Amino acid sequence: MARGKLFLIPPPIFLLKTTQLIALFSACLSIAQLTSAQTNISGIVNNYYKVIEVIPAKACARVNTTTGLGFNDKAMIIQMKGATINTTATSSSFGDTTSLNNAGNYEIGTICYIRGDSVFFDYFFLNNYTVADKVQLVRIPEYVSATVTDTLRAAPWNNTNGTGGVLAIYVDQDLVLNAPISGDSSGYRGGMFELSNGTCSNIGAPTNYAYPAGTLTPQNGAYKGEGAADITNVNLTGGRGAPANGGGGGNNHNNGGGGGANLAAGGDGGGNSSSSGCTVATQGKGGKALSSYGGKKIFMGGGGGAGHANNGGANSNGGGHGGGIVFIKANNLAGNGYKISANGQVGGPALSDGASGSGAAGTIIMNINNYVGTTIISANGGQGGTEDDGLNLNHCYGSGGGGGGGAIYFSGAVP
């Protein structure tokens, strides 16, 4: 069998803002009669599989199960983690990415054979993959024509299983939106909320960039948001340092968490600026911008860091989740004014505590030949969590940092 390279879309147009990215497209086309039988679609239409081995010489990926996969199916292989970062807890460079390695590598191909747990593709792989760093196979459904009748969604990212966070469809002819397509909040997870005891001090206040977030007596640093680098050392799970594109957690006392990032950095959390009590400003740092390597790598939005809290109040939601990845291939897209989005989630608010950072926007790839009518395409970072001092005199605690904007690529027509 002749083998070459798998199909990869290096998107030729890249639009990016640091905090917001909205494109409103109105094609100079009337909504023509769209032919062919329509398949109604909604909810989660993709299937997700954990890749346990990649065998490049055979264009083969071994997966945890092949149930639901078949001959001639389209599938995406994508590596979700694997960046190497600085892990020096006392350094302001904590979380800086020293190498992305294979994180963000992806490609789309056609399944030509399945045997046991092995899935064989019709072409050799274009990229390298490290299965220990959460590689997944996403089955992509194909339709002649399709109508979105209720919100089409990506399954939320599950770091334990190493799957989810991606929405991808192929439509041979017409894709009609009578409801939104959403990858909102389906990306890297925000930092978990935990309640610290009230111990704090201005003398010897915790100023490091990483602490064990699970220690609550007190919690010196709230949980960091998730990103392209996995933190497996429990002593580094909390604190203001931002791990790659994940936001940093607020330090003790009542500092806000940082926003997540994608290809644009997230915003820093707000610092404790009280004039009495514990007043050291050691807010969570915003997630660090990643590199797409010219469109060859794609990422979900980073999760926001949690705010430091000792009262509880309204700050029970922690950091906002990042936006996921949305891939759409169709001949004609009739948007009908509906939205295609991969927005980050708003950070958790706080009452007399530090608020949490928001999630960054994800990535959208549009491979469309013709746009009909109006389509809204949105990749916005979430708003940082709001903080309410609760009328406490001389106390002013930190709000959450905003999430970084996402990326929208176009291959084919540019609306």
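Keep in mind that this is a model prediction, so the values were computed, not measured. This chain uses plain numbering: 1 for the first residue, then up along the sequence.
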Exercise for the section: Say whether N311 and S352, considering side chains only, have a donor N or O and an acceptor N or O under 3.5 Å apart. Expected result: no
Handout entry: Polar side chain donor-acceptor pair, N332 to N370, under 3.5 angstrom
Key = yes
Handout entry: N394 and S274 side chains, donor-acceptor separation under 3.5 Å
Key = no
Practice task
Verify whether one side chain among T65 and T67 offers a donor that lies under 3.5 Å from an acceptor in the other.
Solution key: yes
Problem - Under 3.5 Å: donor-acceptor pair, side chain of T97, backbone of I85 - result: no
Problem - Flag, side chain of N86 to backbone of D96, donor-acceptor distance under 3.5 Å - result: no
Practice task
Ignoring hydrogens and angles, state whether a donor on the side chain of T217 or N197 is under 3.5 Å from an acceptor on the partner side chain.
Solution key: no
Exercise for the section: Indicate whether any N or O donor in one side chain lies under 3.5 Å from an N or O acceptor in the other, for N245 and K288. Expected result: no
Fill in the blank from the handout: The single option from V119, I78, L137 that satisfies side-chain contact (heavy atoms from CB on, under 4.5 Å) with V51 is L137
Problem - Distance-only side-chain donor-acceptor flag, Q383 / S358, under 3.5 Å - result: no
Exercise for the section: Check the side chains of N255 and N272 for a donor-acceptor pair under 3.5 angstrom, ignoring hydrogens and angles. Expected result: no
Exercise for the section: Consider only side-chain N and O atoms of N161 and T163, and report whether a donor and an acceptor are under 3.5 Å apart. Expected result: no
Exercise for the section: Could you tell me whether a side-chain N or O of S186 sits under 3.5 Å from a main-chain N or O of G183, the two making a donor and an acceptor? Expected result: yes
Practice task
Using distance alone, with no hydrogens and no angle criterion, decide if Y129 and E107 have a side-chain donor and acceptor under 3.5 Å apart.
Solution key: yes
Handout entry: Check: S145 side chain, Q38 main-chain N or O, donor-acceptor pair, under 3.5 Å
Key = no
Completion exercise
Sorted by chain and number, sequence neighbours left out, salt bridge (charged side-chain N to carboxylate O under 4.0 Å, His left out) with K74 holds for E142
Completion exercise
Test side-chain hydrogen bond (donor to acceptor under 3.5 Å, both in side chains), reference E226, set H321, K81, R189, output is K81
Exercise for the section: Answer yes when D230 and K134 have at least one side-chain N-carboxylate O distance shorter than 4.0 Å, and no when they do not. Expected result: yes
Exercise for the section: State whether Y293 and K296 meet the cation-pi test: NZ (Lys) or CZ (Arg) under 6.0 Å from the six-membered ring centroid, and within 45° of the perpendicular axis. Expected result: no
Practice task
Check the side chains of N254 and D353 for a donor-acceptor pair under 3.5 angstrom, ignoring hydrogens and angles.
Solution key: yes
